[in-house]
Student: 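This structure is in structure tokens; I'll ask about it shortly.
Every heavy atom of this structure was used, including side-chain atoms; hydrogens, water molecules and symmetry mates were not.
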Amino acid sequence: MNLAEIINKLNDAQSQAVALDSVHNALVLAGAGSGKTKVLTHRIAYLVTQKNVHIDAILALTFTNKATNEMRERLSMLLKRPIGNMWVGTFHGLAHRLLRAHPAAANLTAQFQILDAQDQSRVIKRLMKENQIDEGQFPIKKMQWFINQQKDEGIRPADIDAGSNYFVKKSLEVFVLYEKYCNDNNLIDFAELLVRSYELLKNNPELLTHYQRRFEHILIDEFQDTNTMQYQWVKLLFNGENKMFCVGDDDQSIYSWRGAKIENIVKLETDFMPLKIIRLEQNYRSTGYILKASNALIAHNKNRMGKSLWSDSGDGELIDLYEARNEVDEADFVVSSIQKYIDNGVLANECGILYRSNAQSRAFEERLIKYNIPYTIYGGLRFFERAEIKDALAYLRLIENNSDRVAFERVVNFPTRGIGNATLEKIREFAQINQTHLFQAAINIAPTLPIRAANALTGFIQLIEQMQNATKNLDLPAKVAYLIEASGLVAHYANDKTSSKTENLEELIAAAKQYTHEDDNDMSKTMGFIALASLDSSGESNMLATKNVQLMTIHSAKGLEFSHVFLTGLEEGLFPSRQSQDEPHLIDEERRLCYVGMTRARQKLTLSFATKRFLHGQSIYAYPSRFLSELPKPHLNPIQQKYGVIQKNYQQNDTFNQSQAKGDLSIGRTVKHAKFGFGTILNFEGVGDSTRVQVKFKTAGTKWLISSYANLKFV
DNA sequence: TATGAGCGGATTTTT
DNA sequence: TCCGCTCATA
């Protein structure tokens with residue numbers, strides 16, 4: 001491939017980035033639809049074919065497996081060869097690879113296993129029960145959140161000073177128990193993959209030097225999504241000789257609640273000098289009005305790096321805006337519009353229905369069914385997260401490695417075989433005292449048990465041993481095929497005709513057949529497959545090509561595009577969500593989310609909101625989202641409600657935060673509550689006796705109150 | 001050990 | 001309202 005071939009189809013900014021000199025590190029601010037993946041892949045192709053950089057000297061990091069797969073595919077096409085075990089992967093995937101390559105130096109045995117979020121929760125739950133920590137007071141979710149948050153920041157229990165905060169104290173206690181459990185059982189959770197591989201390099205200078213020298217070029221996708229640990233991780237690999245090439249878009253940062261730090265983009269300027277900032281602002285995706293409206297929206301955010309998308313593809317159609325009476329009306333409008341598009345030749349899978357929260361999908365589903373339009377909903381359990389799949393994998397793990405505790409606990413009594421809690425406790429206790437693993441403990445303890453329990457347990461031990469023997473010489477797919485039968489899983493689900501569990505188990509064999517094992521040389525094929533199941537739980541090497549209308553949250557739509565997009569539920573309290581209402585920085589993130597949603601559309605964008613919505617078992621009245629009033633009116637095409645209700649001129653509510661009179665209630669007004677004291681009205685919704693008021697109290701925090709009960713006094 | 005009543009909680013979820 | 005989880009019961 002020659003230079004012209006690489007550069008030809010790029011615009012100025014893109015080719016400037018691709019052919020950047022060998023002196024600078026780069027921050028490429030790539031707006032939505034500006035050809036970010038193209039720049040990344042072409043940069044690599046440029047380095048390899050023009051600068052004679054060896055492909056092993058390149059480290060390319062993404063966040064999702066989807067992005068990784070796409071990049072690998074495009075790269076092998078550009079380079080016209082398979083890229084095999086080139087270091088192109090997700091942060092977690094490559095961290096995992098490092099640990100597999102050097103387990104001992106990372107204080108792990110070679111058989112260490114990944115603990116996914118579900119397993120993690122189960123472990124925490126057990127530990128809390130064993131140590132009499134009350135789940136009611138200290139919810140498992142919160143404990144799990146606490147632990148992961150610390151790890152994402154690279155914080156170990158020893159680094160935490162709980163002070164006098166009882167909740168932190170207890171959380172720390174759980175953290176300590178959890179960490180001990182993981183260390184004792186060779187378990188690595190997602191966050192730990194990063195921390196541990198970071199420590200591996202940090203504590204082994206010669207290893208670190210090796211990788212610093214090896215990776216002459218480090219490229220990172222979606223840089224705005226890096227968390228503290230990921231930033232530290234790449235910073236550690238940077239020695240000043242090698243070059244960083246970061247691509248990101250601060251306006252599309254929508255995961256700060258998961259620990260992503262937009263500030264990392266700013267830190268680049270000091271930590272990776274000399275840095276060249278390149279902006280990709282030409283958009284190849286959306287038509288003019290969509291782009292201008294999106295620009296206008298995001299301009300309301302403070303602290304941006306600054307960027308303005310433009311396009312030469314013309315204004316296109318105006319953005320439709322529909323005010324629905326309720327969520328059913330909204331769904332009917334959206335689905336009947338889709339029907340019209342389809343009738344006019346638009347492919348159903350080019351229509352995307354986007355919403356803020358999963359609960360909103362229901363109304364759309366019902367309408368789609370009514371109109372007989374096939375649809376696909378994204379979200380929910382993914383293939384490798386399904387119970388029956390995890391059960392099968394647990395058998396596979398146990399056969400592969402008897403000492404796998406998580407696997408043992410999962411299937412020792414599933415399908416049920418009469419091994420109860422009492423027996424299990426004895427096994428755990430024996431293992432603890434004798435410093436052995438559960439399977440060995442089971443073997444030792446079985447003869448000492450009462451006859452029924454002894455038989456049950458011996459049955460399980462023999463089952464595993466027999467499966468081990470039978471599968472010794474089988475390849476992976478045959479192994480899986482054998483074990484789903486022999487374990488009794490297939491039989492267990494056989495008479496369950498309502499679910500697709502049996503089909504899923506069959507599907508697991510297909511997944512095993514497809515698994516290529518090309519880039520995991522440090523593991524056996526079986527181990528590689530097991531790891532893949534944790535690291536890429538989607539179970540699809542590529543996004544399923546469907547002909548269906550696509551329904552998903554805006555978060556999951558990031559990175560996707562549709563010719564026709566419906567961005568729905570644009571109501572205060574829903575989008576932006578109620579939880580973000582008091583916090584300007586959270587509102588900014590909601591606004592970015594809205595920006596992401598809008599910029600998914602190529603040709604046609606339709607926005608909608610409902611004045612009344614049935615949510616959590618009650619009707620909620622809501623105002624149109626403030627984001628709507630931030631869009632330039634000339635770019636919008638308000639659509640008259642189908643049932644002839646007079647449309648309110650919501651655009652008059654230009655600044656939502658300003659006082660909106662409603663009887664005595666007005667936003668910003670000071671009130672006094674008998675118990676909570678003085679406060680300011682932040683918001684209110686509903687009418688008559690069901691009016692709810694949000695008040696920010698000076699001392700009692702922010703609360704929603706029913707105004708007819710709260711007896712607020714105006715001051 | 002399988003089922004159902006009763007409960008609390010209900011944004012978003014890359015790995 | 002609806003889902004997931006716990007606990008009591010047969």
Student: Expressed as a whole number of Å, how far does the C1' atom of C:dT6 sit from that of B:dT11?
Tutor: 25 Å
Student: For B:dT15, does either OP1 or OP2 sit under 4.0 Å from a side-chain N or O belonging to A:N65?
Tutor: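 It does, given that an N or O in the side chain of A:N65 lies less than 4.0 Å from OP1 or OP2 of B:dT15.
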Student: Once you apply a heavy-atom cut-off of 4.0 Å, does A:G420 come out as touching a base, just sugar-phosphate, or nothing?
Tutor: nothing
Student: Can you see if the side chain of A:N358 gets near the phosphate of B:dT13 - specifically, an N or O under 4.0 Å from OP1 or OP2?
Tutor: yes
Student: Given atom CD1 of A:I140 and atom P of C:dG4, what is their separation to the nearest angstrom?
Tutor: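 Value for this atom pair: 16 Å.
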Student: Identify which nucleotide among B:dT1, C:dT6, B:dT13 has an atom closest to any side-chain atom of A:E135, counting heavy atoms from C-beta outward.
Tutor: C:dT6
Student: Give a yes/no on whether any side-chain N or O of A:S556 is located under 4.0 angstrom from OP1 or OP2 of B:dT13.
Tutor: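 Yes, A:S556 has a side-chain N/O under 4.0 Å of OP1/OP2 on B:dT13.
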Student: Below 30° counts as parallel, above 60° as perpendicular, anything between as tilted: where do the rings of A:F63 and A:F91 land?
Tutor: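 Answer is tilted, since the angle falls between 30° and 60°.
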Student: Which listed nucleotide (B:dT15, B:dT13, B:dT14) is nearest to the side chain of A:D225?
Tutor: B:dT14
Student: Going through the checks in order, is the salt bridge (Lys or Arg N to Asp or Glu O under 4.0 Å) test met by A:R258 and A:E589?
Tutor: CA-CA 12 Å; A:R258 266 184 127 277; A:E589 178 145 321; over 6 Å; no
Student: Looking only at side chains, do A:Q144 and A:Y178 share a donor and an acceptor under 3.5 Å apart?
Tutor: no
Student: Nearest whole angstrom, please: distance from the P of B:dT15 to the CH2 of A:W233.
Tutor: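 In whole Å, B:dT15 P and A:W233 CH2 are 16 Å from each other.
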Student: When all nucleic acid strands are considered with a 4.0 Å heavy-atom cut-off, which category describes A:R382: base, sugar-phosphate, or nothing?
Tutor: base
Student: Among B:dT13, C:dT6, B:dT15, which is the nearest nucleotide to the side chain of A:H555?
Tutor: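 Among the listed nucleotides, the one closest to the side chain of A:H555 is B:dT13.
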Student: Would you mind telling me which residue lines up with the more 5' stretch of DNA chain B, A:A191 or A:S577, judged by nearest nucleotide?
Tutor: A:S577
Student: Please state how far atom CG in A:L194 lies from atom C1' in B:dT14, giving the value in whole angstrom units.
Tutor: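 That distance rounds to 12 Å.
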Student: So, applying side chain to side chain donor-acceptor pair (under 3.5 Å) with A:E330, which one of A:R613, A:R325, A:R367, A:Q360 is it?
Tutor: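 With A:E330 as partner, A:R613, A:R325, A:R367, A:Q360 yield a single side chain to side chain donor-acceptor pair (under 3.5 Å), made by A:R613.
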Student: For A:W257 and B:dT12, do the ring centres fall under 5.5 Å apart while the planes stay under 30° apart?
Tutor: yes
Student: Is it true that the NZ or CZ of A:R126 lies under 6.0 Å from the centre of A:Y181's six-membered ring and within 45 degrees of the ring axis?
Tutor: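 Verdict for A:Y181: no cation-pi partner in A:R126.
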Student: Could you work out which one of B:dT11, C:dT1, B:dT15 sits closest to the side chain of A:R258?
Tutor: B:dT15
Student: Taking only side-chain nitrogens and oxygens of A:N227, does any of them come within less than 4.0 Å of OP1 or OP2 of B:dT15?
Tutor: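 A:N227 to B:dT15 OP1/OP2: no side-chain N or O under 4.0 Å.
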Student: With rounding to the closest Å, how many angstrom separate the C1' atoms on C:dC5 and B:dT12?
Tutor: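 Here C:dC5 and B:dT12 have their C1' atoms 22 Å from each other.
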Student: I need the CD1-P distance between A:I377 and B:dT12, as an integer number of Å.
Tutor: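 About 13 Å, once rounded to whole Å.
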Student: Side chain of A:R362 only, please: which of B:dT13, C:dC2, B:dT12 is the nearest?
Tutor: C:dC2
Student: Touch check for A:T416, heavy atoms < 4.0 angstrom, all strands: base, sugar-phosphate only, or nothing?
Tutor: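 Since only primed, P, OP1 and OP2 atoms lie under 4.0 Å of A:T416, the category is sugar-phosphate.
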Student: Counting side-chain heavy atoms from C-beta on, which of B:dT12, B:dT15, B:dA10 comes nearest to A:T553?
Tutor: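 It is B:dT12.
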Student: So what does A:D189 touch, heavy atoms closer than 4.0 Å: a base, only the sugar-phosphate, or nothing?
Tutor: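 Touches nothing.
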Student: Within the 4.0 Å heavy-atom criterion, would you say A:N421 contacts the bases, only the backbone, or no part of the nucleic acid?
Tutor: nothing
Student: Within the 4.0 Å heavy-atom criterion, would you say A:F614 contacts the bases, only the backbone, or no part of the nucleic acid?
Tutor: sugar-phosphate
Student: Please pick, from B:dT15, B:dT11, C:dT6, the nucleotide with the shortest atom-to-atom distance to any side-chain atom of A:K125.
Tutor: C:dT6
Student: Would you kindly give the CG-to-P distance between A:L586 and B:dT11, to the nearest whole Å?
Tutor: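 Atom-to-atom, A:L586 to B:dT11, this comes out as 14 Å.
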Student: What's the CG-P distance between A:D588 and B:dT12, to the nearest Å?
Tutor: 21 Å
Student: May I have the distance from A:K141 (atom NZ) to B:dT11 (atom P), rounded to whole angstrom?
Tutor: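 Interatomic distance, NZ of A:K141 to P of B:dT11: 11 Å.
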Student: What interatomic distance, in whole Å, is found between P of C:dG4 and the corresponding atom of B:dT13?
Tutor: 15 Å
Student: Without decimals, in angstroms, what is the distance between A:R356 CZ and B:dT11 C1'?
Tutor: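 In whole Å, B:dT11 C1' lies 5 Å from A:R356 CZ.
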Student: Are the charged groups of A:R156 and A:E199 less than 4.0 angstrom apart, N to O?
Tutor: yes
Student: Indicate whether the side chain of A:S538 and that of A:R382 have a donor and an acceptor atom separated by less than 3.5 Å.
Tutor: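 No, because no side-chain N or O of A:S538 sits under 3.5 Å from a partner of the opposite role on A:R382.
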